[in-house]
There are 2 protein chains.
Amino acid sequence: MRTVDPARFRARRRHIVDAAAALFAAKGFERTTTAEICRAAGMSSGNLFHYFRNKRAIFHAVFEEDGEEKARRLEEARSRDDPWEGLLEIVDLLAVPATEPLAPPLVMEAMVQAYRDSELEELLSRDSAAEHAAIASVLRKASAAGRTDPGLDPDHAASWVMALIASLYTSAATDPSFTPSEQLPMLRLILRRFLLDGREHRK
Amino acid sequence: MRTVDPARFRARRRHIVDAAAALFAAKGFERTTTAEICRAAGMSSGNLFHYFRNKRAIFHAVFEEDGEEKARRLEEARSRDDPWEGLLEIVDLLAVPATEPLAPPLVMEAMVQAYRDSELEELLSRDSAAEHAAIASVLRKASAAGRTDPGLDPDHAASWVMALIASLYTSAATDPSFTPSEQLPMLRLILRRFLLDGREHRK
DNA sequence: GTCTATAATCGGATAGAC
DNA sequence: GTCTATCCGATTATAGAC
């Protein structure tokens, strides 16, 4: 007979993380106080620290997605017969979250924090390494099939594809008139022209 | 007979700003303490606050460039006969500072701070509005001359040109293997393909 | 102009009762 | 599991001497 219900524990942590994420997005990590998180989550300080070792652990939890599901979807896209279909699927997979209002400022905050927090940096670079590998893989396939500019190095090009997707987040966070959902078509256009260099897109 | 030498006062402020910039780049705004700035600048706290109203004013000063010189160079590029020459000149003007090691982390920090600091936000958006106007201007000229894809809206395209340049800073700040100076050719390639869509670049 | 000293506040985190 | 109470340290900024 155990005294803690793991599901309830996880749900409670999730409740805290959700409350904190909105604050981190609006004010950044340092300027968000634990007292504010307590208020937003409706609990005392003593209780908050029962669920998280410290403030930083709450921030990390915001970015701990289960890679399970994502890895599955990346693998699915990467194994498509048509590499361009696979690429566009990956782009959507990575770009669509940018349409959630909290995501752009949170991603920006994560990027600057990762610069000084090696644990977070490792967390994020694990994710981005998986994304990079998937993109490079479809690019290699497309290149071999003559469906992209063969002069491009797939790994190098993949880095720029990721940079372009990241622009969706940074632009949304810095320019109020920039709406990721409206900009997705332009992102796809730039990618096509970059990678195709005048080649025909369709088979 | 005045007791303060304005030139000396400005030099002293500059000395403080230089010392602070390195700290802001390494640790961010909030985690840099005024005590650290004092140590780095070799002066006492009382003296530091003789030159700056508060810590935030020091941070702002890091980004107060004289727009004089920059406006002149933008205007010069914009008035080139060949709009592509003008565009590439502007791109270099904006991209080359990314090769200074402190610039990428400082720019990232400025972007996240601007999100919560309307004064800084105005400072930065004044700059970027001028840049956007210059880029849109050369793109309009290029489009009219049939030297870029006429289907692109110059203002919209200019925003993406700026986003691509910004990628140089964000990528450098988040990916240790990314070197802006090495990536400049690729940036230019992407811009050409994006804006030309198969058209010939040279006249 | 520059210093020392310190005021005033706020922050994260813990102890321990219930 | 949750709370109240509180500690300790750090931080920005100021007062006032030299």
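Chain A is the first sequence line, chain B the second, and so forth, proteins listed ahead of strands; every chain is numbered from 1. These numbers were taken from a predicted model, which means no experiment stands behind them. Excluded from the calculations below are hydrogen atoms, water molecules and symmetry mates; all remaining heavy atoms, backbone and side chain alike, are included.
- Per the geometry, CZ belonging to B:Phe52 stands 13 Å off P belonging to C:dT2, to the nearest Å.
- The listed nucleotides are C:dT2, D:dG1, C:dG11; the one nearest the side chain of A:Thr33 is C:dG11.
- Using a 4.0 Å cut-off between a side-chain N of Lys or Arg and a carboxylate O of Asp or Glu, A:Glu131 and A:Lys70 qualify as a salt bridge.
- Atom pair A:Asn47:CG and C:dC18:C1' shows a separation of 13 Å (rounding to whole Å applied).
- With distances taken from any side-chain atom of B:Thr34 to the nucleotides C:dT14, D:dT2, D:dT12, the minimum falls on D:dT12.
- The side chain of A:Arg8 contributes an N or O atom lying less than 4.0 Å from OP1 or OP2 of D:dT2.
- For the pair A:Trp84/A:Leu196, a side-chain contact is recorded, criterion being any heavy-atom separation below 4.5 Å from C-beta on.
- Projected onto DNA chain C by closest heavy-atom contact, A:Gly46 and A:Arg31 fall at different nucleotides, the more 5' of which corresponds to A:Arg31.
- If B:Tyr51 and A:Ser45 are placed on DNA chain C by their nearest nucleotide, the residue sitting closer to the 5' end is B:Tyr51.
- Summarising the geometry, the separation between CZ on B:Arg39 and P on C:dT2 is reported as 19 Å, rounded to the nearest angstrom.
- Atom NZ of B:Lys27 and atom P of D:dA10 are 12 Å apart (whole Å).
- Counting to the nearest Å, the P atom of C:dT14 and the CZ atom of A:Arg53 are 10 Å from each other.
- Protein atom CD1 of A:Ile58 is 10 Å distant from nucleotide atom P of C:dG12, rounded to whole Å.
- In this structure, A:Glu122 pairs ionically with A:Arg126, as a charged nitrogen and a carboxylate oxygen lie closer than 4.0 Å.
- With C:dG1, D:dT12, C:dT14 as the candidates, the nucleotide lying closest to the side chain of B:Phe9 is C:dG1.
- For A:Met43, the side-chain atoms get nearest to D:dC3 when compared with the rest of D:dC3, C:dT14, D:dT2.
- Aromatic pair B:Phe194/A:Phe194: centroids not less than 6.0 angstrom apart.
- When distances run from any side-chain atom of B:His50 to the nucleotides D:dA13, C:dG1, D:dT2, the shortest one goes to C:dG1.
- Looking only at atom types and distance, the side chain of B:His60 has no donor-acceptor partner in the side chain of B:Gln113 under 3.5 Å away.
- Atom NZ in B:Lys55 sits roughly 17 Å away from atom C1' in D:dT14 (whole-Å rounding).
- Atom CZ of A:Arg56 is separated from atom P of C:dA13 by 10 Å (rounded to the nearest Å).
- When the side-chain nitrogen and oxygen atoms of A:Asn54 are compared with OP1 and OP2 of C:dG12, none of them lie within a distance under 4.0 Å.
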